[in-house]
Amino acid sequence: MQRIHYYYAGLAGFFGLFLLLMAWPTLLAPPKHIPTALVLLVSAGPLLLPMRGLLNRDLKSCTWMSYLSLPYFVHGIVEAYVDPASRTYALAEVGFSLLLCFGAGLYVYKAEKIRG
């Protein structure tokens, strides 16, 4: 595969994960005891930090985005195990986080192979 395809896979994973994390606590399954704004800030907020660099194809930001997707993978696995009612959303989170991790990671890996 060409390197740009990995970048597009990472972007698809990023936007899928971001949209899922925005829709889950607001539309799909709102929390009962925690303010929705707090849930949005904690869950979707960290994805916004390296977003500008990801959109500009910065290799350092792509590396950080790959690292940042791993806690979302863990959260999705735990949520799918604990709450059967939201298992579908949790498995979608796992899929999007893996797509982001491998897409961004392989984009950086292929860039390093070309340079060095």
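It should be emphasised that the depicted structure is a prediction, and the values quoted were computed from it without experimental measurement.
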Less than 4.5 Å apart, side chain to side chain, heavy atoms only: is that true for Cys101 and Tyr72? no
Evaluate the side-chain proximity of Met51 to Phe14: yes if any heavy-atom separation is below 4.5 Å, no if none is. yes
Report yes if some heavy atom in the side chain of Ser66 is under 4.5 Å from a heavy atom in the side chain of Tyr107; otherwise report no. no
Using modelled atom types and a 3.5 Å cut-off, is there a donor and acceptor pairing between side-chain atoms of Thr26 and backbone atoms of Met22? yes
Does any part of the side chain of Arg87, heavy atoms only, come nearer than 4.5 Å to the side chain of Val82, both counted from C-beta? no
Could you check whether atom CD1 of Ile34 has more than 12 heavy atoms from other residues, nucleotides or ligands sitting under 6.0 Å from it? no
Quick check: do Asn56 and Ser61 have side-chain heavy atoms less than 4.5 Å from each other? no
Are the side chains of Phe18 and Leu48 in touch, meaning some heavy atoms are under 4.5 Å apart? yes
Going hydrophobic residue to hydrophobic residue with side-chain gaps under 4.5 angstrom, can you get from Leu17 over to Val42? no
Measure up the Tyr67 and Trp64 rings against each other and bin them: parallel (under 30°), tilted (30 to 60°), perpendicular (over 60°). perpendicular
Are the side chains of Tyr7 and Leu106 in touch, meaning some heavy atoms are under 4.5 Å apart? no
Could you see if Met65 belongs to whatever hydrophobic cluster contains Leu99? Use Ile, Leu, Val, Met, Phe, Trp, Tyr and a side-chain cutoff under 4.5 Å. no
Identify the residue among Leu47, Leu54, Leu49 that makes a side-chain contact (heavy atoms from CB on, under 4.5 Å) with Leu68. Leu47
